[in-house]
**Student:** 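Here's a structure for you.
Since the model is a prediction, treat every value here as computed from it, not as a measurement.
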Amino acid sequence: GLVCCYQETVWIDTRHKVAKLGSALALYLLAFMAFTVFVIWNGGVALGDRTSHPSFKFGMGSLFAFLVASTLLLLPLHIAQSKAVWGLLKRYPRQIALIAIPLSIWFLVRFNADHPYNAYPSFVHNDLAQWLNRPLNRVLIVLPMGWAALSMYIAIADRGAAVLWAGATVLSLIPVWMIEPRYYIVPFVFWLCFRKSNGQLAEWSLLLWFAGWSAAAVYIIRYTHYFL
C-alpha cells in the first residue's frame, strides 16, 4: 500500500512538472510551428531574392568571416588573454588539434566567397570576402583566426555557456551563404553578455579600439563611396 501510494504521488508530481514545462514552452512551440508553416508556404525563408538566399545551402564561409572580423575587432582582448589561450593549448592539445586541423584545412583549401552579392564593389565586407578568396591571405590569417576563436571561448567564464554559445554560433552561421556583417550581430551580442571582465587595462584598451573602428566607419560612410 505504501509503495502504491508513493508511486501515485511520484506520478502526480511528474505530471505537474511536465504540465508546467509544457505551459512554459507553449509559446516557443507555437512560434516554431508558425515559422515552419511560413517556410513551407513561402517556399523558403527569404522574402525577396530567393535564388540568392536559398534555405538549405550550407557552408563555412560566414563562420570563418565572422572569426576573421572578430580577430581584428577584438585584437586588444586577444593580446590580453594570450597567457590564458596558451594555457588552454597546453592543457588540451589533442582535443584542440582534433577540431582545429580539419577546420584549418577546409578554410585553406575550400573557402570560396562566391555569393553574387559579395562581388559588388564599395562594401567593406565584400572587400574582406574577396581578400579571403586569395590563398596567400588565408595562410596569413589562419593562425590568428584560430587564436581569436580560443580567446573568445575562454572569455566566457562559464564553460557550459561557452560551449552553448559556440554551438549556437556555428549553427546560426553555417546556413548563411552570403558574407554580411548583420548576421554576426546576434552571436556577438550574446558573446558580450556572457564574457567576463579582463581588468581595467584590457577593458579600456578594447574601448579605445572600438572607438577607433567606429570613427573609421563613420568617416568611410560619410566621406567616401564605401559602406560597411
Side-chain angles (χ1 to χ4, degrees), residues 42-79 103-104 106-149 151-152 155 169-193 195 202-228:
N42 187 56
V45 177
L47 289 172
D49 187 359
R50 298 179 190 174
T51 58
S52 296
H53 300 282
S55 300
F56 301 102
K57 185 177 178 66
F58 299 101
M60 303 288 285
S62 286
L63 176 62
F64 287 126
F66 169 72
L67 290 176
V68 171
S70 300
T71 303
L72 301 174
L73 294 175
L74 300 173
L75 185 59
L77 177 69
H78 304 324
I79 295 174
L103 289 177
S104 298
W106 195 102
F107 174 67
L108 293 171
V109 177
R110 296 289 306 277
F111 181 91
N112 183 24
D114 59 351
H115 193 284
Y117 288 0
N118 286 135
Y120 290 168
S122 301
F123 287 93
V124 174
H125 67 274
N126 285 348
D127 286 349
L128 174 63
Q130 298 308 315
W131 186 84
L132 290 173
N133 275 342
R134 303 185 184 95
L136 179 59
N137 294 337
R138 294 200 296 274
V139 172
L140 294 174
I141 198 64
V142 64
L143 288 180
M145 184 179 69
W147 189 275
S151 176
M152 294 185 74
T169 298
V170 170
L171 292 176
S172 67
L173 293 179
I174 281 180
V176 180
W177 178 18
M178 182 174 63
I179 293 175
E180 229 279 4
R182 69 174 181 265
Y183 299 119
Y184 311 149
I185 294 175
V186 172
F188 190 68
V189 167
F190 274 106
W191 178 81
L192 287 174
C193 292
R195 82 175 187 92
E203 297 302 317
W204 276 104
S205 299
L206 191 60
L207 178 62
L208 293 174
W209 187 254
F210 281 162
W213 279 108
S214 299
V218 171
Y219 178 85
I220 289 171
I221 294 173
R222 175 64 179 85
Y223 295 104
T224 73
H225 298 290
Y226 264 75
F227 298 92
L228 296 182

**Student:** Output the distance between atom CG (Leu128) and atom CG (Asn133), rounded to the nearest 0.5 Å.
**Tutor:**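 Reported to 0.5 Å precision, the distance equals 10.0 Å.
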**Student:** Would you check if Phe66 and Met152 make a side-chain contact, meaning some heavy-atom pair closer than 4.5 Å?
**Tutor:** yes
**Student:** With rounding to the nearest 0.5 angstrom, report the CZ to CH2 distance, Arg138 to Trp131.
**Tutor:** 10.0 Å
**Student:** Any idea which heavy atoms bring Leu206 and Leu73 closest together, and the distance?
**Tutor:** CD1-O, 4.1 Å
**Student:** Verify ring pair (Phe, Tyr, Trp, His ring centres under 6.0 Å) between Tyr223 and Tyr219, making sure each step is shown before the conclusion.
**Tutor:** CA-CA 6 Å; Tyr223 295 104; Tyr219 178 85; 5.2 Å; yes
**Student:** For residues Pro76 and Phe210, determine if any side-chain heavy atom of one lies less than 4.5 Å from a side-chain heavy atom of the other.
**Tutor:**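 Not in contact.
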**Student:** Look up atom CZ in Phe111 and atom CD1 in Ile179, then write down how far apart they are to the nearest 0.5 Å.
**Tutor:** 4.0 Å
**Student:** Is there a donor-acceptor contact under 3.5 Å from the side chain of Ser62 to the main chain of Val176?
**Tutor:**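 Such a contact is found between Ser62 side chain and Val176 backbone.
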**Student:** Find out whether Leu74 and Trp209 are in side-chain contact, i.e. whether some heavy atom of one side chain is under 4.5 Å from a heavy atom of the other.
**Tutor:**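 Leu74 vs Trp209: side chains apart.
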**Student:** Using a 4.5 Å cut-off on heavy atoms from C-beta on, say whether the side chain of Asn137 contacts that of Leu132.
**Tutor:**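 No, side chains not in contact.
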**Student:** If you measure from CE on Met60 to CZ on Phe107, what distance do you get to the nearest 0.5 Å?
**Tutor:** 11.0 Å
**Student:** Nearest 0.5 Å please: distance from the OH atom of Tyr120 over to the CG atom of Asp127.
**Tutor:** 15.0 Å
**Student:** Near Phe188 CZ, under 6.0 Å, is it more than 12 heavy atoms from other residues, nucleotides or ligands?
**Tutor:** yes
**Student:** Could you tell me whether a side-chain N or O of Trp147 sits under 3.5 Å from a main-chain N or O of Thr71, the two making a donor and an acceptor?
**Tutor:**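 Flag not set: sc Trp147 to bb Thr71 has no pair under 3.5 Å.
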**Student:** Rounded at 0.5 Å granularity, tell me how far CH2 in Trp106 sits from CZ in Phe64.
**Tutor:**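 If I round to the nearest 0.5 Å, the distance is 6.0 Å.
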**Student:** Give the minimum heavy-atom separation between Leu228 and Phe123, together with the two atoms involved.
**Tutor:** C-CD2, 4.3 Å
**Student:** Is there a donor-acceptor pair closer than 3.5 Å between any side-chain N or O of Asn126 and the backbone N or O of Tyr117?
**Tutor:** yes
**Student:** Flag the pair Phe190 / Thr169 as yes when at least one side-chain heavy-atom distance between them is below 4.5 Å, and no otherwise.
**Tutor:**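 Answer no - side chains too far apart.
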**Student:** Got Leu72 and Trp213 here, is their nearest side-chain heavy-atom distance under 4.5 Å?
**Tutor:**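 The answer is yes; the side chains approach within 4.5 Å.
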**Student:** Please give me the minimum heavy-atom distance between Tyr226 and Ile220, naming the atom from each residue.
**Tutor:**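 Heavy atoms only, the tightest pair is CB-CG2, 3.3 Å.
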**Student:** Donor-acceptor check, side chain of His78 to backbone of Ser70, threshold 3.5 angstrom: yes or no?
**Tutor:**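 Looks like yes, one N/O pair under 3.5 Å.
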**Student:** Do Met178 and Asn118 come within less than 4.5 Å of each other through their side chains, counting heavy atoms only?
**Tutor:**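 Heavy-atom side-chain distance check passes, below 4.5 Å.
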